[in-house]
Amino acid sequence: MSDLLANLNPPQLQAVTLPPVHGLILAGAGSGKTRVLTTRIAWLISTGQVGPHGILAVTFTNKAAKEMTARLSSLVPINVRGMWIGTFHGLCNRLLRAHYREAGLPQTFQILDSADQLAMVKRLLKNLNIDDEKYPPRELCHFINAHKEQGVRAGQAEVYDNYTQKRVEIYAEYEAQCNREGVVDFAELLLRCYELLQRNEPLRAHYQQRFRHILVDEFQDTNVLQYAWLKLLAGGGANVFAVGDDDQSIYRFRGAEVGNMRDFERDYAAQNIIRLEQNYRSQGNILAAANAIIKNNRERLGKNLWTDAGEGEPIRAFEAYSDLDEARFVVEEIRELVRDGVVPTQIALLYRSNAQSRVLENELFTKNVPYKVYGGLRFFERQEIKHALAYLRLLGNPDDDTAFLRVVNFPTRGIGARSLENLQATAHQMNSSLYNAAASLTGKAGQTVGAFIRLIESLRQETEGLPLPEMVEHVIEKSGLAQHYRTEKEGQDRLENLDELINAAATFIDDEGAIGEGGALVSFLTLASLEAGEHQAGEGQEAVQLMSVHAAKGLEFDVVFITGLEQGLFPHENSVNEGKDGLEEERRLMYVAVTRARQRLYVSCAQTRMLHGQTRYCMPSSFLDEIPENLMRKLNKKAEATSAVPSFSAFGGGYAEPPASGGLRIGQTVEHAKFGIGVIVSTEGRGADARVQVNFGGSGMKWLALEYAKLTPV
DNA sequence: TGGGAGTGCTTTTTT
DNA sequence: AGCACTCCCA
């Protein structure tokens with residue numbers, strides 16, 4: 001026991017050993033948050049205050065859940081496997097599987113991922129004859145998800161105009177279709193679970209009694225529904241231990257409510273607010289920069305990180321002529337660092353948006369520096385994997401129209417759009433699934449679709465009773481998928497991935513001993529939806545790490561490069577246009593980026609950057625100005641960096657000659673009475689029609705007519 | 001059916 | 001620029 005609490009600092013100790021009351025832990029970056037969470041659980045159990053059975057621990061990512069489980073099992077000698085530690089979605093899934101009947105779901109209900117959801121909405125629009133230009137499917141998905149995340153069903157949605165009226169109708173149709181097919185989307189897992197507990201008194205009482213301690217990680221990322229779900233489960237007197245950092249809330253754009261942290265204080269009358277402010281990660285200068293940046297945000301609960309690690313190195317700043325120039329600089333520094341003995345995996349290259357990785361990758365590749373890019377297509381989201389899974393889903397649930405349509409003509413078997421229209425109309429009339437309606441088709445469509453149905457039926461018979469991996473293998477082979485990719489030119493990778501899927505099934509059986517409700521297949525398919533990203537090959541190589549700032553949250557590195565620090569890019573102009581809240585979220589993002597670094601931090605920007613196929617002229621990010629000068633060392637000579645116009649002679653060429661217009665050049669710095677200092681980004685028209693686009697930094701990007709706007713060259 | 005051409009979008013991302 | 005998606009023709 002004393003071991004357990006050894007080496008905790010006073011606030012950490014206070015948090016871990018909090019009496020059984022609600023607690024809100026404001027845990028700064030690098031302050032030992034995960035340690036506090038796991039030690040708290042271990043302490044509660046080992047002091048006999050609660051059994052493993054009475055703990056509910058919630059995280060946002062599978063990775064965090066796994067790490068928590070692993071650390072916990074190393075702290076206390078208990079079997080953590082049966083414990084309720086998992087993601088919001090994972091735990092809701094577990095609960096719904098256990099009570100599928102009460103929740104009104106089929107035992108084998110499947111989970112739609114975002115792509116499946118989008119496909120379903122598109123299909124719905126087509127069936128309902130709704131113009132998808134007027135009602136963009138993506139926007140509708142967002143509309144539906146946002147409502148679910150607010151706990152609002154179609155029937156309760158607020159209608160304030162005709163347009164929304166229509167969207168709500170589509171929402172209702174979507175709900176109906178999901179129910180017909182027996183599938184749920186991500187938000188539905190939570191909402192369904194919430195409603196079940198709310199409606200079913202005995203069930204609610206059972207779980208309220210059971211979970212005596214509820215612990216929540218990354219509390220700042222919870223949305224309205226998750227908050228309500230927690231509150232419901234805690235309603236029987238459980239103690240809620242919420243850990244979060246309002247300064248690291250970077251998911252507002254997908255529904256996270258930082259406000260939940262303030263609400264928590266109120267709703268739980270939390271007298272116990274503990275701040276973990278000692279940072280064990282970064283050197284002093286880095287931390288000072290982070291503090292200086294985040295200080296500019298108004299909406300904060302307040303917290304100041306400190307360290308006793310010493311100042312460390314200054315922050316290195318570099319202003320490049322172009323994105324290419326920036327990439328060269330970064331790669332050159334990396335080569336030097338590696339020569340000096342820095343481990344490549346301890347070097348991170350961060351950027352605001354994924355599109356920025358390309359230049360960097362190219363330069364790394366050219367200079368033979370091994371690197372790994374995070375983000376991008378995940379294993380279970382690959383086309384060939386989704387196809388194989390669709391066949392498997394049809395075996396488990398023939399009513400799954402999404403799966404049906406995905407593979408009914410893949411590989412092609414002569415079932416064209418005509419036949420499918422026919423089939424969908426029939427299904428609509430019969431109010432049944434496509435699979436069911438197939439039997440009623442006549443003519444050629446009846447023949448071809450009938451053959452497909454027979455294929456699925458025979459797959460089902462042949463795989464009956466087979467172990468999961470063999471079942472998967474059989475389906476891949478006999479469905480014609482394997483053959484299709486064997487003949488395709490680019491099919492080799494896909495075949496390998498399909499083999500990998502068979503391996504994943506084998507591993508799954510070994511790990512889980514398998515079999516929840518509904519058998520191994522259903523559990524495996526659930527895993528594929530809920531943990532799409534977990535299965536990533538090629539980790540742990542000696543490679544430099546490239547990722548977006550979002551993806552870097554929760555990680556740390558000896559050396560961090562934050563690239564593309566330009567106004568409009570980071571902070572991103574879309575966020576800035578959202579107003580002050582948008583800018584504050586961008587600033588938190590910058591804060592997250594800075595606090596990833598242990599020993600050395602580079603910040604860089606470029607004066608020109610290729611974006612969306614055209615050269616943009618950029619001003620340095622306002623965040624750079626927020627880092628105190630005395631913490632920084634500028635790496636390029638001032639004289640070279642003053643002109644915003646790249647010169648041919650100074651650099652290896654490759655720049656387009658800026659066209660002249662009205663005496664103003666692209667790249668020219670100008671002053672406007674209202675918007676201040678800006679850089680001309682592009683021009684249009686001649687003479688009286690001439691217009692110029694000017695990037696005014698903080699005041700945004702503007703198109704101005706030269707005839708009216710007074711622009712003074714600076 | 002399938003491929004080639006044309007069109008339009010493009011922040012961040014987990015589940 | 002690059003990618004996903006649609007449309008149209010062989």
Side-chain angles (χ1 to χ4, degrees), chain A residues 58-65 86-93 111-119 122 126 132-133 136-139 142 145 148-149 184-191 193 218 221-223 225-226 249-256 323 350-359 362 374-378 380-381 383 409-420 448 488-489 526-534 547-554 564 568-578 582 585-586 588-590 592-593 609-616:
Chain A
V58 200
T59 63
F60 273 84
T61 65
N62 293 299
K63 200 174 159 198
T87 62
F88 278 102
H89 294 86
L91 295 169
C92 286
N93 172 63
I111 300 163
L112 298 182
D113 67 15
S114 325
D116 296 331
Q117 185 186 35
L118 185 66
K122 283 181 180 170
K126 207 162 249 173
D132 62 358
E133 298 209 340
R138 269 172 209 288
E139 199 273 331
H142 182 256
N145 293 337
K148 289 191 180 186
E149 281 162 11
V184 298
D185 59 41
F186 288 134
E188 184 72 25
L189 278 173
L190 278 144
L191 183 52
C193 186
E218 306 277 14
D221 287 338
T222 50
N223 62 34
L225 181 54
Q226 287 158 342
S249 160
I250 55 175
Y251 287 110
R252 200 183 54 125
F253 71 92
R254 64 172 199 223
D323 45 357
L350 307 184
Y351 32 79
R352 172 68 238 265
S353 62
N354 285 310
Q356 288 166 250
S357 75
R358 188 161 248 107
V359 210
N362 199 31
Y374 290 82
L377 200 54
R378 289 141 50 170
F380 283 106
E381 288 171 357
Q383 181 207 109
N409 197 35
F410 194 97
T412 50
R413 34 180 84 90
I415 302 173
R418 251 286 118 70
S419 306
L420 287 181
T448 51
E488 200 182 53
K489 284 187 291 291
T526 301
L527 171 100
S529 313
L530 249 32
E531 298 188 27
E534 289 304 284
M547 65 192 84
S548 70
V549 179
H550 284 91
K553 190 172 153 202
L569 193 62
F570 195 4
H572 199 278
E573 54 199 353
N574 294 2
S575 299
V576 175
N577 292 341
E578 285 167 21
E585 174 136 327
E586 292 290 307
R588 291 192 291 269
L589 202 48
M590 179 66 184
V592 168
R609 180 176 297 275
M610 279 294 277
L611 214 62
H612 313 320
Q614 55 178 336
T615 308
R616 273 175 48 140

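Note on naming: letters A, B, ... go to the chains in the order of the sequence lines (proteins, then strands), and numbering restarts at 1 for each one.
OP1 and OP2 of B:dT14 both lie 4.0 Å or more from every side-chain N or O belonging to A:Asn223. Dashed line: the shortest gap from a side-chain N or O of A:Ser548 to OP1 or OP2 of B:dT13 is under 4.0 Å. The shortest distance between the side-chain N/O atoms of A:Arg378 and the OP1/OP2 oxygens of B:dT14 is below 4.0 Å. Phosphate contact (OP1/OP2 of B:dT15, side-chain N/O of A:Asn62, threshold under 4.0 Å): present.
Within 4.0 Å of A:Phe253, counting heavy atoms only, lies at least one base atom of the nucleic acid. If you check every strand for non-hydrogen atoms under 4.0 Å, A:Asp221 touches nothing. Among the protein residues, A:Ile415 comes within range of the sugar-phosphate backbone only, with heavy atoms under 4.0 Å from sugar or phosphate atoms but none that close to a base. Residue A:Tyr251 is classed as a sugar-phosphate contact, given heavy-atom separations below 4.0 Å to backbone atoms only. Among the atoms of the strands shown, none is found under 4.0 Å from any heavy atom of A:Ser529. Within 4.0 Å (heavy atoms only), A:Glu578 reaches at least one base atom of the nucleic acid.
Rounded to whole Å, atom P of C:dA1 lies 15 Å from atom CG of A:Asn362. Rounded to whole angstrom, the span from the CZ atom of A:Arg254 across to the P atom of B:dT12 amounts to 13 Å. For the pair A:Phe410 CZ and B:dT1 C1', the computed distance is 13 Å after rounding to whole Å. Rounded to whole Å, the distance from CZ on A:Arg609 to C1' on B:dT11 is 14 Å. Rounding to whole angstrom units, CG of residue A:Leu225 and C1' of B:dT15 are separated by 13 Å. When rounded to the nearest whole Å, the span between CG of A:Leu527 and C1' of B:dT14 equals 15 Å. In this structure, A:Met610 places its CE atom 8 Å from P of C:dG2, rounding to the nearest Å. Between the NZ atom of A:Lys63 and the P atom of B:dT13 there is a distance of 14 Å, rounded to whole Å.
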Checklist entry - Under the side-chain contact (heavy atoms from CB on, under 4.5 Å) criterion, do A:Phe570 and A:Val549 qualify, and how do the steps go? => result CA-CA 10 Å; A:Phe570 195 4; A:Val549 179; 4.0 Å; yes
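Remark: side-chain polar atoms of A:Asn577 are paired, donor with acceptor, to backbone N or O of A:Glu573 under 3.5 angstrom. No side-chain donor-acceptor contact under 3.5 Å links A:Glu586 to the backbone of A:Ser575. A:Asn62 places a side-chain N or O within donor-acceptor distance of the main-chain N or O of A:Leu530, the cut-off being under 3.5 Å. Without hydrogens or angle criteria, A:Ser529 side chain to A:Ile111 main chain gives a donor-acceptor distance under 3.5 Å. Distance alone, capped at 3.5 Å, places no donor-acceptor pair between the A:Asp132 side chain and the A:Pro136 backbone. Not a single donor-acceptor pair under 3.5 Å links the side chain of A:Arg352 to the backbone N or O of A:Leu569.
For A:Arg138, counting side-chain heavy atoms from C-beta on, the closest listed nucleotide (B:dT13, C:dC5, C:dG2) is C:dC5. With B:dT11, B:dT15, C:dC5 as the choices, the nucleotide that has an atom nearest any side-chain atom of A:Arg352 turns out to be B:dT11.
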Using a cut-off of under 3.5 Å, enumerate the N/O to N/O pairs linking the protein to nucleotides 2-10 of chain B.
unit_1 : atom_1 : unit_2   : atom_2 : d
B:dG2  : OP1    : A:Thr412 : OG1    : 2.6

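If you check distances only, the side chain of A:Ser114 does reach the base of B:dT15 with a donor-acceptor pair under 3.5 Å.
A:Phe253 and A:His550 have perpendicular rings, their planes meeting at more than 60° on a 0 to 90° scale where under 30° would count as parallel.
Taking a centre distance below 5.5 Å and an interplanar angle below 30 degrees as the stacking criterion, A:His89 does not stack against the six-membered base ring of B:dT15.
For the pair A:Glu585 and A:Gly416, both in contact range of DNA chain B, the more 5′-proximal nearest nucleotide belongs to A:Gly416. Residue A:Gly414 is the one, among A:Gly414 and A:Leu589, whose nearest nucleotide of DNA chain B lies closer to the 5' end (criterion: closest heavy atom).
For the pair A:Lys553 and A:Asp221, the salt-bridge criterion is met [side-chain N within less than 4.0 Å of a carboxylate O].
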